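Heads up, the thing below is written out as structure tokens.
In what follows, every chain begins at residue 1, and chains take the letters A, B, ... in the order their sequences are listed. Keep in mind that this is a model prediction, so the values were computed, not measured. Atom set for the values below is all heavy atoms of this structure, side chains included, hydrogens, waters and symmetry mates excluded.
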Amino acid sequence: MARLQKENFDVGKEIRALAEKSRGTGGIVTFLGTVRDISKGHEIVKINFESYADMAEKELDRLEDDAKEKFDIIDCLVIHRTGEITVGENIVLIVVTSAHRSAAFDACEWTIDELKTRIPIWKEEFTATGKHWVEEHP
Amino acid sequence: MARLQKENFDVGKEIRALAEKSRGTGGIVTFLGTVRDISKGHEIVKINFESYADMAEKELDRLEDDAKEKFDIIDCLVIHRTGEITVGENIVLIVVTSAHRSAAFDACEWTIDELKTRIPIWKEEFTATGKHWVEEHP
Amino acid sequence: MVTVRFFASIKEKVGLESIDIPINGPTSIRDVLNRVANETSVDKAFLMPGGFLYALNQRMESLDTPVNDGDEIAVLPPLSGGF
Amino acid sequence: MVTVRFFASIKEKVGLESIDIPINGPTSIRDVLNRVANETSVDKAFLMPGGFLYALNQRMESLDTPVNDGDEIAVLPPLSGGF
């Protein structure tokens, strides 16, 4: 069950909980995205994530289901934070459990790639000189 | 600096420590291997890892260095446990930090694949009916 | 009546979180957004620049998708979730 | 003198953790393992079945690598680290 939340998450605890759901788990691949200090040459003070919350939650659940259907994995968990987040802090976590490590790597990478194209969340960067929405405008 | 150790490790703590070494870290890919309950149809009670410790430690350090040289990543950490480990417990952890997630996925998968071919460590499985070394004898 | 919601940079530029548009008869998402442009100071090309995504009742849809009374449309500028 | 170390299943079958072999003049890893076979009840083919790895002073080497006095050889059955 995917989660969209303001609060931080405990990476070790989330991995352990998902791994313990199945004793057949042998390989666990995790992607953790954190706030970088520099973005396109600008020093970042903090960032803010706005979301279309109802839709983002549904799409995150669908994303987990799609990963489980597409790859030979046991389970997939996606957590994305919203609101203000400072440099070095956690933004997004994807955990994939599997009996086969190769499927787990493929599924985890696919899930973060897909997340960026499907989940209605927008990033606002705060620098020393102002703030701006991160959008590659067409 | 790679580690070969009897003690368990705290996955969340290890990830945090490596990520905090560089504020440029944006993506962190982790592979965690744990003890499965079933191996080739046999129910596993526990496993034991024997190592050629001096060599394994050197090779693990070389493995980290090779990963850093081969891929566009910031850092790489490898931890492998030795001795007796029960079902569900941690065996091996690989953490790769990077500014670019694609390089981090490639480096992490390469590192676990390489580990299996280069590090002098052997697994002994204990089942209800006995124990045996896991070796694909030629 | 359908509700049109705006997010991120679009919300700031439109100056509204959402707007209600009454509808009568067959109507598409594009029709509704043209009506939004007529009833606000916002340009059509700004709402439909070719690189936005549109959701109808929280599912991505094309601009030609028909809408019904009570539906919720969302104008989604280029997504930037992740990290 | 070189020391030959055994691990995992090989250690159990040889019944020894290690054995010291005196050497005189040019000698390869293969020569040393032949001497191990002569001085124990272990078969040559068992120590060199074609799928093992060999380390000299903790580096993987081929059976033809020359060894010197004081070196450490290790007979490594197929590795199974990981998970």
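- When heavy atoms are compared at a cutoff of 4.5 Å, B/Val87 approaches chain A solely by way of its side chain, counted from C-beta outward.
- Each salt bridge (charged side-chain N to carboxylate O under 4.0 Å, His left out) pair with one or both residues in residues 84-93 of chain B, not counting sequence neighbours, appears once here: B/Lys46-B/Glu84, B/Arg81-B/Glu89.
- Of all the heavy atoms in A/Ile15 and B/Leu32, the pair that sits closest is CG2-CD2, 3.8 Å.
- Residues of residues 5-13 of chain A lying under 4.5 angstrom from chain B, judged on non-hydrogen atoms, are A/Val11, A/Gly12 by number.
- Within residues 49-78 of chain B, no residue has any heavy atom less than 4.5 Å from a heavy atom of chain A.
- Residue contact with chain B, scored on non-hydrogen atoms closer than 4.5 Å, is absent for A/Val92.
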Criterion side-chain contact (heavy atoms from CB on, under 4.5 Å) on B/Ile28 and A/Thr34, from CA distance to verdict: CA-CA 8 Å; B/Ile28 301 148; A/Thr34 59; 3.9 Å; yes
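- Taking non-hydrogen atoms and a 4.5 Å limit, the residue list of residues 93-123 of chain A in contact with chain B, ordered by number, reads A/Ala99, A/Arg101, A/Ser102, A/Phe105, A/Cys108, A/Glu109, A/Ile112, A/Asp113, A/Lys116.
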